[in-house]
Amino acid sequence: MNAMLASDLPLPRIGRGKVRDIYAVGDDRVLLLTTDRISAFDVVMAETIPMKGAVLTQISAWWFNKLEGVVPHHMISADADKIIREVPDLKNHRAEILGRAMLCRRTKVFPIECVIRGYISGSAWKEYAASGTLAGEKLAPGLTESAKLEPAIFSPATKAETGHDENISVARVREIVGDAVAHELESMARTVYALGEKVARAQGIVIADTNSNSAATKTAASS
């Protein structure tokens with residue numbers, strides 16, 4: 001079982017994240033290739049976990065397929081043979097992209113991480129325990145750690161290029177992206193969480209919170 005620390009495909013590489021390598025496919029698409037790099041606390045380790053990238057990609061693809069027709073998303077395909085038909089230059093690189101590559105529409109990305117919290121845990125609990133707030137906004141008194149939030153809370157964060165993301169208020173999101181886009185991002189984030197929570201609960205899994213990078217949808221982009 002081979003591990004991939006970095007990829008080298010015959011496409012223009014336009015970015016390299018902590019785990020993913022990003023390639024341009026013309027002007028309107030990108031190829032996201034998930035390596036087996038490990039990242040923790042903003043540090044990329046020298047070690048790898050074999051096939052970690054394939055597992056992450058296929059989990060994401062499963063969820064994007066579930067969201068088809070629910071909210072617009074960027075994924076075109078995570079199937080290696082379909083990707084090769086779309087991008088013939090990858091014909092001789094099937095083994096490298098198998099399972100771990102996703103062909104996507106190129107979108108505008110807003111600098112917001114959309115977080116929906118259905119339970120108060122993690123960094124949200126830490127702030128609440130100290131001050132009774134979340135991103136500076138007061139919550140109901142008397143909550144206990146991991147208590148269910150009714151309704152779920154939209155708790156956005158900055159999407160930092162480096163370092164840790166920072167929790168921000170909804171008002172701050174409106175200042176950054178405008179009222180219309182802020183409303184669209186919150187609406188889509190709530191829709192995604194509601195579906196995910198329902199699907200997972202049927203399998204005995206509780207999703208405490210969910211977050212996503214804010215790639216523009218067709219609707220948001222036109223706002």
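- The backbone N or O of Met75 sits less than 3.5 Å from a side-chain atom of Arg105, completing a donor-acceptor pair.
- Contact record, Gly118 with Ala152: CA-CB, 4.1 Å, taken as the closest heavy-atom pair.
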I'd like to know whether Arg37 forms a salt bridge (Lys or Arg N to Asp or Glu O under 4.0 Å) with Asp21, so could you lay out the CA-CA distance, the side-chain angles of the two residues, the decisive distance to 0.1 Å, and finally the verdict. CA-CA 10 Å; Arg37 296 193 292 268; Asp21 294 345; 2.9 Å; yes
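- Judged purely by atom type and a 3.5 angstrom limit, Asp179 has no side-chain atom pairing as donor or acceptor with the backbone of Arg174.
- In terms of modelled atom types and a separation under 3.5 Å, the side chain of Ser77 and the main chain of Asp79 share a donor-acceptor contact.
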Could you go step by step and tell me if Leu31 and Leu90 meet the side-chain contact (heavy atoms from CB on, under 4.5 Å) rule? CA-CA 11 Å; Leu31 187 81; Leu90 296 176; 4.0 Å; yes
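- Side-chain atoms of Glu186 and His183 form no donor-acceptor pair, as typed in the model, at a separation below 3.5 Å.
- The minimum heavy-atom distance between Arg100 and Gly53, with the atom names listed, is NH1-CA, 3.8 Å.
- Between Leu5 and Asp36 the shortest side-chain heavy-atom distance does not fall below 4.5 Å.
- Here Asp81 pairs with Arg94 in a salt bridge; the nearest charged N to carboxylate O distance falls below 4.0 Å.
- Relative ring orientation between His74 and Phe64 is described as perpendicular, the plane-to-plane angle rising above 60° on a 0-90° scale split at 30° and 60°.
- Shown here for Pro156 and Ile112, the closest heavy-atom pair between the two residues is CB-CG2, 4.1 Å.
- Thr57 and Thr34 form a side-chain donor-acceptor contact under 3.5 Å, judged by distance and modelled atom types alone.
- A distance-only check finds a donor-acceptor pair linking the side chain of Ser169 to the backbone of Arg172 [under 3.5 Å].
- Phe154 approaches Ala189 most closely through the heavy-atom pair CE1-CB, 4.2 Å.
- The main-chain N or O of Val19 is found under 3.5 Å from a side-chain atom of Thr35 such that the two form a donor-acceptor pair.
- Between Ile116 and Asp209, the closest side-chain pair of non-hydrogen atoms is not below 4.5 Å.
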side-chain contact (heavy atoms from CB on, under 4.5 Å) assessment of Trp63 paired with Val199: CA-CA 10 Å; Trp63 280 108; Val199 171; 3.9 Å; yes
Could you check Ile38 against Ile49 for side-chain contact (heavy atoms from CB on, under 4.5 Å), going step by step and ending with a plain yes or no? CA-CA 7 Å; Ile38 308 169; Ile49 298 177; 3.5 Å; yes
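- When the side chains of ILVMFWY residues are joined at heavy-atom separations under 4.5 Å, either directly or via intervening members, Leu98 and Val55 end up in two distinct hydrophobic clusters.
- By the rule that hydrophobic residues join a cluster once side-chain heavy atoms approach within less than 4.5 Å of another member, Val87 and Leu33 end up as members of one cluster.
- Connection of Tyr23 to Ile14 is not established within any shared hydrophobic cluster, with ILVMFWY side chains joined at heavy-atom distances below 4.5 Å, either directly or through further cluster members.
- The side-chain heavy atoms of Met102 and Ser60, taken from C-beta on, include a pair separated by under 4.5 Å.
- The two residues Ile207 and Glu197 have their closest heavy-atom pair at CD1-N, 4.1 Å.
- Without hydrogens or angle criteria, Arg117 side chain to Ile153 main chain gives no donor-acceptor distance under 3.5 Å.
- When hydrophobic clusters are built by joining Ile, Leu, Val, Met, Phe, Trp and Tyr residues whose side-chain heavy atoms come closer than 4.5 Å, directly or via intermediates, Ile168 is grouped together with Phe110.
- The shortest distance between side-chain heavy atoms of Ser123 and Asn167 falls below 4.5 Å.
- Checked by atom type and distance alone, the side chain of Tyr128 pairs as donor or acceptor with a backbone atom of Leu143 at under 3.5 Å.
- Here the side chain of Thr158 pairs a donor or acceptor atom with the backbone of Glu166 at under 3.5 angstrom.
- Contact detail for Leu9 and Glu96: the closest heavy-atom pair is CD2-OE1, 3.8 Å.
- Counting heavy-atom neighbours within 6.0 Å of Lys148 NZ, excluding the residue itself, gives a total above 12.
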